Amino acid sequence: VSGLTEAPSLTFDVAANESTSDREATLTFVSEDGSVTRTVTVTQAGKAAASLAVSPSAFDLSHEATSISVSIEGNTKYSVSSSASWLTSPVSGLTEAPSLTFDVAANEGTAARQATLTFVSEDGSVTRTVTVTQAGEELYLNVTPQRIEAPAEGGTYPLTINTNAGESNVNLNGNAWMSLQNGNIVIAANADRAERKGNITVTAGGLSQTIEVLQAGKQPSTAGGQIEDFTENEENW
């Protein structure tokens, strides 16, 4: 109403208190001649402070692709964001979901990485974070072949190196009868009758693989049914 009234009762609308503090107002009733005044005090509680809790607060993951679930408890809507593209959120905008599942892409690097999920209450008064740490892919060094058994006349053997540990290095370990040519291991002919052994070391990023090499000795030739064996003072025919 506005102005004078004789209504036996009145209804007043009370707006929601968006503050967390209590508030108070007064209704004042005055008789037409001003001789009588009555008041009604209206006290309205403040709204409960926003609460938001998330669990767990941290994840430690392997390098493989996976998903993680976070439980959320509170009395308010909230938003969530991720600090990294490899950790994706299933929602945009506000939500009241009691739990959320996040997809984690595989870490194809060798270094560990970290991202943060940030949960913020609708009014912005409460922020909670979840830290996600993902391990890097384990270093590996695979070498083919791992063993070479070469005939006396030698040969060429393709060398395959598969690694994620960085640049690789091939060391012939002083074996002059071996060489590396166009990605192949080349074994020279063995002019001696005795077999010979050696090894090749392949390294990358602190990892090491050894290739064992065994080469047969030269076999004596035969002519006319006799073994050809020359010395300075003797001939066998």
Side-chain angles (χ1 to χ4, degrees), residues 1-139 164:
V1 295
S2 62
L4 295 171
T5 182
E6 293 182 348
S9 66
L10 293 174
T11 300
F12 300 85
D13 291 329
V14 181
N17 186 357
E18 299 295 340
S19 170
T20 57
S21 301
D22 294 350
R23 62 185 180 182
E24 187 175 274
T26 302
L27 295 171
T28 303
F29 300 81
V30 182
S31 64
E32 184 176 8
D33 62 4
S35 62
V36 181
T37 300
R38 297 290 185 265
T39 59
V40 175
T41 301
V42 180
T43 302
Q44 185 181 30
K47 108 176 146 174
S51 66
L52 193 64
V54 297
S55 64
S57 60
F59 290 86
D60 287 309
L61 308 174
S62 71
H63 75 279
E64 298 174 339
T66 187
S67 61
I68 58 174
S69 293
V70 178
S71 297
I72 303 97
E73 292 184 0
N75 63 356
T76 178
K77 292 182 179 180
Y78 62 89
S79 62
V80 59
S81 61
S82 169
S83 66
S85 60
W86 51 269
L87 177 61
T88 57
S89 171
V91 297
S92 61
L94 294 171
T95 181
E96 293 180 293
S99 66
L100 292 175
T101 299
F102 301 84
D103 291 329
V104 182
N107 185 358
E108 297 179 353
T110 57
R113 60 187 182 182
Q114 191 174 89
T116 302
L117 295 171
T118 302
F119 298 78
V120 182
S121 63
E122 183 177 12
D123 64 3
S125 64
V126 182
T127 299
R128 299 289 183 262
T129 59
V130 174
T131 301
V132 180
T133 303
Q134 187 180 33
E137 187 176 22
E138 185 176 357
L139 294 176
N164 65 350

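Remember, predicted model here, so these are calculated numbers, not experimental data.
Taken from OG1 in Thr76 to CG in Asp123, the straight-line distance is 5.5 Å, to the nearest 0.5 Å.
Of the possible donor and acceptor atoms, none in the side chain of Ser89 sits under 3.5 Å from a partner among the backbone N and O of Ser82. When atom types are taken as modelled, the side chain of Glu137 and the backbone of Ala106 share no donor-acceptor pair closer than 3.5 angstrom. In terms of modelled atom types and a separation under 3.5 Å, the side chain of Tyr78 and the main chain of Thr127 share no donor-acceptor contact.
Among all heavy-atom pairs drawn from Val80 and Leu100, the shortest one is CG1-CD1, 3.9 Å. The heavy-atom pair separating Thr116 from Ser83 by the smallest distance is N-OG, 2.8 Å. Between Trp86 and Val132, the closest heavy-atom pair is CH2-O, 3.9 Å. Of all heavy-atom pairs between Phe119 and Val130, the closest is CE1-CG2, 3.8 Å. Shown here for Ser125 and Ser121, the closest heavy-atom pair between the two residues is N-OG, 3.2 Å.
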Between Thr39 and Leu27, does a side-chain contact (heavy atoms from CB on, under 4.5 Å) hold up when you go through it step by step?
-> CA-CA 5 Å; Thr39 59; Leu27 295 171; over 6 Å; no
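Residues Leu139 and Asn164 are in side-chain contact: their nearest non-hydrogen atoms beyond the backbone lie under 4.5 Å apart. Ile72 places none of its side-chain heavy atoms less than 4.5 Å from the side chain of Pro98.
Atom CD of Glu24 has more than 12 heavy atoms from other residues, nucleotides or ligands within 6.0 Å.
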Identify each donor-acceptor pair in which a side-chain atom of residues 48-71 lies under 3.5 Å from a protein atom, sequence neighbours left out, and give them as a table.
{"residue": "Ser51", "atom": "OG", "partner": "Asn75", "partner atom": "OD1", "Å": "3.3"}
{"residue": "Ser62", "atom": "OG", "partner": "Glu64", "partner atom": "N", "Å": "3.4"}
{"residue": "Ser69", "atom": "OG", "partner": "Thr101", "partner atom": "OG1", "Å": "3.2"}

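Looking at residues two or more places apart in sequence or on another chain, you find a side chain to side chain donor-acceptor pair (under 3.5 Å) between Gln114 and Thr133.
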